[in-house]
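Notes follow the structure.
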Amino acid sequence: MRTLALIRSGIATTIQDTGRSGHQQIGIPPSGAMDKFAMLMGQRHLGHRNNEAALEFAYGDLAFKTSHPCHFVVTGAPALITIGDAAHHSGSLEHTEANQMVNIQTSGHGVYNYLHVAGGIAIPTCLGSRSTSPRERIGGLEGRYLRDGDILPLGPESKDYKPLDSIMPSNRHRDTLSLRFIPGFQFDQFSETTRQKLISQVFSVTPRANRMGIALSGDPVDTGIQALLSEATCYGAIQIPPDGDPIVLLNDRQTVGGYPKAGAVISGDCHRLVQSRPGQRVRFVAITPQEADRVAWLEHHYLETKLS
Amino acid sequence: MKFDVGPAGDLGLRLAFSQSPKPSLTYSLLALQSAARRQFSDALIDSIVGYTTLTLFFNPLTLDRERAQRWLEDQAQAACDSPGRADTERKTVTLPVLYHPSVAQDLEWLAEKQNMGIDDIIELHSRKDYFAYATGFAPGFCYLGTVDERLATPRLVTPRANVPPGSVAIADQQTAVYPCSSPGGWRVIGTCPTRLFDLNSDPAALLCVGDTVKFEPISMADFRAVQDTQAKQ
């Protein structure tokens, strides 16, 4: 069997694909790659047409060996890949010999990387996905973060993929990242002052960031809403707890919650937000659902034309 | 009955009724959820019923947002015109509970606060039938209501980092059993040995929205017996 051995497992390393759906009613979050765009680009690059799983890790610092010669690609945050004596920038198709040490190091920008090895991480699916949900201990390898020394099975390498041009890294530095959001949930119940405070100020990304959500800090936003009956959250939901610091809810969010929400950041901008390090300045920009649909179409079109 | 249909991010639509939660409303929401699954089939990737809301998540590339919104508004209007009724799928589940200070760190606190004996609390908590209004928070977690006013108690200001699995707890007029160990701010008054979530069972979650739950006080000996039986499975 072809395997991958994790020599240095890195930070918050999990097995992910694009996530699971249909189980939020019983409290199971969708999980899946935090930067779905980077995940899809890696899958397309290797001809992975069946949602093959990759390794997600944060603040790139990972080393691995494979039991057989194989191809791989690293997507997401820009990283430096060292195979033997040769060092390359991430985003292109790479090849490693059997038992050769491969190092992946952050280049200082972005947060999440994806290591896609040809054939994918071939663990069984759980509720329709290989994605790890560590809090629920579902999916992945025993539902947990990976550790040094873990050995992972690889699927058969596809013979018919065409190597593509190098892939753009997921994050380009921006002074202030615009988070386009669709107002909704309790937004209309907020006072005009509260709504203005949310839209006019620049927030910054805090270190309170993980797969559940990213907390922002700024001048506290008082929603004036004390308690709500628990209702569904959603991807990108801007939740405002009593301390007034918005939290953008992400892949491993609680599926229901009782805090007020101002609306939700569109998926395409969530993928940019997750690649932002603490201190990144962000601002919320309200858009209509119709504008959001156009953005989703454009991003889909980009993937289909650029990478097929 | 009034309602509002609006977006829930770029993938979702949210229907919210502006009225207090009650079982007939939950039945309407469940009927709407089933109708949405039939109507949209694969374009609907997930859906969640809350206390007074139904949220639908779509594949944005196959969604005609305006049409879906109109459909949901029409369905909601129809639901207003004919109140929801229980259907045959809804079940009653009896959960055994050991109410004892050694396994319930807020039991004595609550008794003292309300100037009652522990037996009174057990009696008040276990004599009612509870309705399952919502699920989520954690896999298998089910929001049950409504508890006797004398037991209603606010959440802890600072949630505990770790509430043990099986903890039977109260927050305001809601009660619930923690299916797995998790952070939590509810007041713990007992422990339930029944497994509420098991990936090897079908369905994985024991309790569904619309179910009825009864709590049955058990002795320490019974508690151990249930635990032992589960360990052998």
Side-chain angles (χ1 to χ4, degrees), chain A residues 19-30 126-127 133 135-139 143 180-188 227-238 249 254-258 261 263-270 287-293 295-297 299-301, chain B residues 4 6-14 16 20-21 30 33 37 44-57 59-61 63-66 69 133-143 145 154-155 157 171-172 174 179-180 182-183 196-197 199 203-209:
Chain A
R20 53 178 62 81
S21 57
H23 305 284
Q24 290 192 50
Q25 181 74 75
I26 59 167
I28 296 175
C126 174
L127 302 174
S133 192
R135 193 165 47 102
E136 288 75 22
R137 298 203 186 92
I138 288 171
R180 288 165 289 184
F181 80 106
I182 303 174
F185 299 99
Q186 287 73 41
F187 191 74
D188 288 344
L228 284 172
L229 293 165
S230 290
E231 65 162 331
T233 61
C234 75
Y235 184 57
I238 304 163
L249 300 181
Q254 290 176 355
T255 55
V256 298
K261 295 176 285 298
V265 176
I266 65 170
S267 307
D269 286 350
C270 285
I287 64 168
T288 65
Q290 289 71 27
E291 286 171 307
D293 288 344
V295 176
W297 268 106
E299 290 187 348
H300 176 73
H301 183 71
Chain B
D4 176 59
D10 59 355
L11 309 175
L13 282 174
R14 168 184 180 269
S20 301
L30 288 167
Q33 184 181 41
R37 284 177 182 146
L44 185 72
I45 55 178
D46 224 328
S47 60
I48 302 179
V49 169
Y51 274 90
T52 58
T53 57
L54 168 66
T55 310
L56 306 175
F57 297 117
N59 177 345
L61 301 173
L63 171 69
D64 179 339
R65 190 183 288 274
E66 280 76 20
Q69 173 139 0
Y133 284 100
T135 50
F137 171 68
F141 189 96
C142 185
Y143 296 82
R155 290 169 175 79
V157 176
D172 305 319
Q174 307 171 99
C180 49
S182 79
L196 295 183
F197 183 80
L199 274 177
L206 177 63
L207 303 178
C208 303
V209 176

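By convention in this document, chain letters (A, B, ...) are assigned in the order of the sequence lines, proteins followed by strands, and residues within each chain are numbered from 1.
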So, taking the atom named [atom1] in [X] and the one named [atom2] in [Y], what distance separates them when rounded to the nearest 0.5 Å?
X         : Y         : atom1 : atom2 : result
Phe185(A) : Thr55(B)  : CZ    : OG1   : 6.0 Å
Ser21(A)  : Asn59(B)  : OG    : CG    : 9.5 Å
Leu11(B)  : Cys234(A) : CG    : SG    : 7.5 Å
Asp46(B)  : Thr255(A) : CG    : OG1   : 9.0 Å

If we define contacts as heavy-atom pairs under 4.5 Å, which of [options] has the most with chain A?
options                       : result
Leu61(B), Thr53(B), Ile45(B)  : Leu61(B)
Gly12(B), Ser47(B), Cys180(B) : Ser47(B)
Gly6(B), Pro7(B), Gly50(B)    : Pro7(B)

Inset, instruction - Side-chain contact test, heavy atoms from C-beta onward, threshold under 4.5 Å: evaluate it for Ile28(A) versus Phe197(B) and give yes or no. - result: yes

Legend entry - Check: Leu229(A) and Tyr133(B) side chains under 4.5 Å, non-hydrogen atoms: no

Give, as side chain, backbone, both or neither, the part of [X] having an atom under 4.5 angstrom from any heavy atom of chain B.
X         : answer
Arg180(A) : neither
Ile287(A) : neither
Ser133(A) : neither

Inset, instruction - Check whether any side-chain N or O of Thr135(B) sits under 3.5 Å from a backbone N or O of Gln25(A) as a donor-acceptor pair, and report yes or no. - result: yes

Inset, instruction - Please name all residues satisfying salt bridge (Lys or Arg N to Asp or Glu O under 4.0 Å) with Glu299(A), sequence neighbours left out, ordered by chain then number. - result: Arg272(A)

Inset, instruction - Taking atom types as modelled, find out whether Thr52(B) and Glu231(A) have a side-chain donor-acceptor pair closer than 3.5 angstrom. - result: no

